[in-house]
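To start, the structure itself, in structure tokens.
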Amino acid sequence: MSDTAKANACYDGGCTCRQVRYRLASKPLIVHCCHCSWCQRETGSAFALNAMIEADRVQLLQGEMEVIETPSQSGKGQRISRCPTCKIAVWSNYSGAGDAVRFVRVGTLDEPSRLPPDIHIFTTSKQPWVVLPAGTPAEAEYYRASERWSPESLERRATLQAKYPRRT
Ligand SMILES: [Zn+2]
Ligand SMILES: [Zn+2]
């Protein structure tokens with residue numbers, strides 16, 4: 001497969017018991033590797049890998065999600081979608097972007113190696129034995145999308161913002 005064809009292809013994934021299956025219709029907006037202590041606790045590991053993508057590009061192929069309200073660092077909470085049977089977390093919505101954007105857990109993809117991190121965030125709380133690659137941007141905490149996202153992703157973001165104006 002050519003690089004272009006690969007970039008345009010879908011990404012399939014699912015839970016451990018295979019009741020839930022989903023497909024990402026395109027590559028994500030960005031892939032975060034988050035080293036914050038909340039992600040460490042939620043994954044039971046050293047970091048979380050989240051592919052941020054428009055909700056309407058995530059197709060549920062099979063099964064239904066169980067949505068669990070979960071505390072988050074912002075205090076506004078996040079909604080974690082889990083398989084109702086094996087309870088594996090497949091994606092989350094944060095209150096900031098609402099239901100328009102999903103944070104898909106890259107480890108639930110059939111081929112997680114296709115979506116390596118575009119950026120490392122919250123590296124101040126990174127485990128000291130995790131050594132970051134030189135070529136990937138890293139931020140002490142969070143960042144501005146306008147400074148880090150690709151032009152294509154910023155265009156997609158503008159479309160999203162037009163579609164879902166923030167309610168205040
Ligand atoms: Zn399952
Ligand atoms: Zn985090």
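One-based numbering, in listed order, for ligands and for the atoms of each. Along the sequence shown, the residues carry numbers beginning at 1.
- Vertex the Zn ion (ligand 2); arms to Cys36 atom SG and Cys34 atom SG; angle 110° (nearest 10°).
- Our summary of the site lists the angle at the Zn ion (ligand 1) between SG of Cys15 and SG of Cys17 as 110°, to the nearest 10 degrees.
- Vertex the Zn ion (ligand 1); arms to Cys86 SG and Cys83 SG; angle rounded to 10 degrees, 110°.
- Counting only distance, with no hydrogens or angles, the side chain of Gln40 and the backbone of His35 share a donor-acceptor pair below 3.5 Å.
- Of the possible polar contacts, one joining the Thr124 side chain to the Ala140 backbone as a donor-acceptor pair under 3.5 Å is found.
- The nearest N, O or S atom of Cys39 is closer to the Zn ion (ligand 2) than 2.8 Å.
- Of the possible polar contacts, none joining the Thr123 side chain to the Lys126 backbone as a donor-acceptor pair under 3.5 Å is found.
- Linking Ile, Leu, Val, Met, Phe, Trp and Tyr whenever their side-chain heavy atoms come within less than 4.5 Å puts Trp91 and Val31 in one cluster.
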